[in-house]
Amino acid sequence: MPQKKALPPFIPVDPSSKKLLLLSGLFICCVMIANIVATKIVTFGFTSATVAILFYPFTYVIADTVSEVWGKHVAQRMVWLGLAANVIMVCLFTIAVKFPGAAFYEGQAAFEAVLLGVPRIVLASVIAYAISQNLDIYMFLGLRKRTHGRHLWLRNNVSTMASQLIDTTIFSFIAFWGRVPTGEIGKIIGTEYGIKIVLCIILTPLVYALVSWARSSYTQEGIHHDHAA
């Protein structure tokens, strides 16, 4: 009987996969942090918005980078992994809040005030996220075909601005309806979308930098990647 060949102790990871893992981890991290801090509404000059506005736009930068370099199916898998991570997060938060605290623990009220707001935020985020992130990928790659792979700045900005409008509107109404006056919800949507547009433009060079960085492993190893969606 032929002897089975021993498996190597570790399976090597190629440079491209390492970069994809890093980007996916950062994507999920930004999504989860945005959902947690979104319970806090802060003042931006003359109006208000959730503090998540400072972190969530980075998810679109990463999603567009992954779409550009690895294609639609990989980007969509990353989006669904982010969704799963948030569902797991809210389940674990609920367990943590409901689990009896020690007799001497005095932070239960504050703990609940912060984390019990997360389930509704995550519900709003899940619906808005699933629609807007997939719309972003669809539009980005659709424009990629139309522009024959050129004008990354145009594809990134158009797809992000359109999907962010959908995301902001859906999220704000689900998250704050009945808790915040309707007029204030309108202000939140207007403020957040305005800030997102500004950040989208400001972060455009970062998309170019990330795409160049992600593709460098292919260039160095002489690997040709099929970007077909």
Side-chain angles (χ1 to χ4, degrees), residues 4-37 52 54-92 122 125-126 129-130 132-145 147-157 159-160 163-164 167 199-229:
K4 291 184 179 180
K5 186 178 180 181
L7 293 174
F10 300 105
I11 299 176
V13 180
D14 62 89
S16 176
S17 296
K18 291 179 181 179
K19 292 177 179 180
L20 178 59
L21 285 171
L22 176 59
L23 289 173
S24 298
L26 289 173
F27 177 87
I28 294 172
C29 179
C30 288
V31 170
M32 295 178 72
I33 289 175
N35 283 334
I36 296 170
V37 303
L54 301 176
F55 313 106
Y56 195 62
F58 287 98
T59 65
Y60 288 91
V61 170
I62 298 172
D64 286 350
T65 299
V66 173
S67 297
E68 176 73 5
V69 178
W70 286 277
K72 179 178 70 175
H73 297 298
V74 175
Q76 286 180 328
R77 287 179 183 178
M78 181 181 70
V79 167
W80 293 121
L81 280 173
L83 179 62
N86 277 284
V87 171
I88 293 171
M89 177 187 73
V90 73
C91 290
L92 296 180
V122 171
S125 178
V126 162
Y129 170 96
S132 65
Q133 290 284 358
N134 282 291
L135 175 64
D136 178 65
I137 294 171
Y138 175 81
M139 290 188 63
F140 181 86
L141 292 175
L143 289 169
R144 189 178 192 280
K145 288 182 179 180
T147 59
H148 305 288
R150 299 190 296 261
H151 309 307
L152 175 59
W153 65 271
L154 177 65
R155 292 181 275 126
N156 169 66
N157 282 284
S159 63
T160 299
S163 55
Q164 286 274 27
D167 178 90
L199 288 175
C200 176
I201 296 171
I202 293 174
L203 293 174
T204 298
L206 179 59
V207 177
Y208 275 88
L210 286 176
V211 168
S212 177
W213 169 75
R215 282 177 170 167
S216 63
S217 58
Y218 290 97
T219 303
Q220 293 169 0
E221 297 177 11
I223 300 175
H224 299 286
H225 183 62
D226 182 9
H227 296 286

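Note: hydrogens, waters and symmetry copies are ignored here, and every other heavy atom, side chains too, is used. When a residue number appears, it is its place in the shown sequence, counting from 1.
The side-chain heavy atoms of M78 and I62, taken from C-beta on, include a pair separated by under 4.5 Å. A heavy-atom distance below 4.5 Å is found between the side chains of V79 and F27. With contacts defined as side-chain heavy-atom distances shorter than 4.5 Å, the pair D14/K18 does not qualify.
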| query | Should Q76 and S67 be marked as a side chain to side chain contact (heavy atoms under 4.5 Å, CB included) after you check the CA-CA gap, both sets of side-chain angles, and the distance that decides it? | reply | CA-CA 8 Å; Q76 286 180 328; S67 297; over 6 Å; no
| request: With side chain to side chain contact (heavy atoms under 4.5 Å, CB included) as the test, would you mind laying out the steps for M89 and I36 before giving the verdict? | output: CA-CA 10 Å; M89 177 187 73; I36 296 170; 3.8 Å; yes
| said: Show, in sequence, the C-alpha distance, side-chain angles and deciding distance for V211 and R215, and conclude whether the side chain to side chain contact (heavy atoms under 4.5 Å, CB included) test is met. | reply: CA-CA 6 Å; V211 168; R215 282 177 170 167; 3.8 Å; yes
| request: Evaluate the side chain to side chain contact (heavy atoms under 4.5 Å, CB included) criterion for residues S16 and W70: first the C-alpha distance (whole Å), next the side-chain angles of each, then the deciding distance (0.1 Å), finally the verdict. | output: CA-CA 10 Å; S16 176; W70 286 277; 3.2 Å; yes
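To the nearest 0.5 Å, atom CZ of residue F55 and atom SG of residue C30 are 9.0 Å apart. Considering NZ of K72 and OH of Y138, their distance stands at 9.0 Å, rounded to 0.5 Å. Here CD of Q164 is found 8.5 Å from CG of L199. Values are rounded to the nearest 0.5 Å. Atom OG of S17 is separated from atom CG of L22 by 12.5 Å, given to the nearest 0.5 angstrom.
Under the side chain to side chain donor-acceptor pair (under 3.5 Å) criterion, S24 pairs with no residue at all, not counting sequence neighbours. For L143, the side chain to side chain contact (heavy atoms under 4.5 Å, CB included) partners are R155, V158, not counting sequence neighbours. For D167, the salt bridge (Lys or Arg N to Asp or Glu O under 4.0 Å) partners are K196, not counting sequence neighbours. For Y208, the side chain to side chain contact (heavy atoms under 4.5 Å, CB included) partners two or more places apart in sequence, or in a different chain, are L152, W153, T204. Checked against side chain to side chain contact (heavy atoms under 4.5 Å, CB included), L210 has the following partners two or more places apart in sequence or in another chain: L23, V61, T65, L206, W213. Applying the ring pair (Phe, Tyr, Trp, His ring centres under 6.0 Å) rule to Y60 yields the partners Y56; only residues at least two apart in sequence or on another chain are considered. Checked against side chain to side chain contact (heavy atoms under 4.5 Å, CB included), I201 has the following partners two or more places apart in sequence or in another chain: N157, M161, I197.
Considering every non-hydrogen atom in both A52 and P57, the closest pair reads O-CD, 4.3 Å. Smallest separation of non-hydrogen atoms from L141 and G71: CD1-C, 4.3 Å. Minimum heavy-atom separation, T160 to N156: OG1-O, 2.7 Å.
Using modelled atom types and a 3.5 Å distance limit, the side chains of Q133 and T59 yield a donor-acceptor pair.
The side chain to side chain donor-acceptor pair (under 3.5 Å) pairs that include a residue from residues 78-91 are N35-N86, where partners are two or more places apart or lie in different chains. Screening residues 132-141 for salt bridge (charged side-chain N to carboxylate O under 4.0 Å, His left out) gives no qualifying pairs among residues at least two apart or on separate chains.
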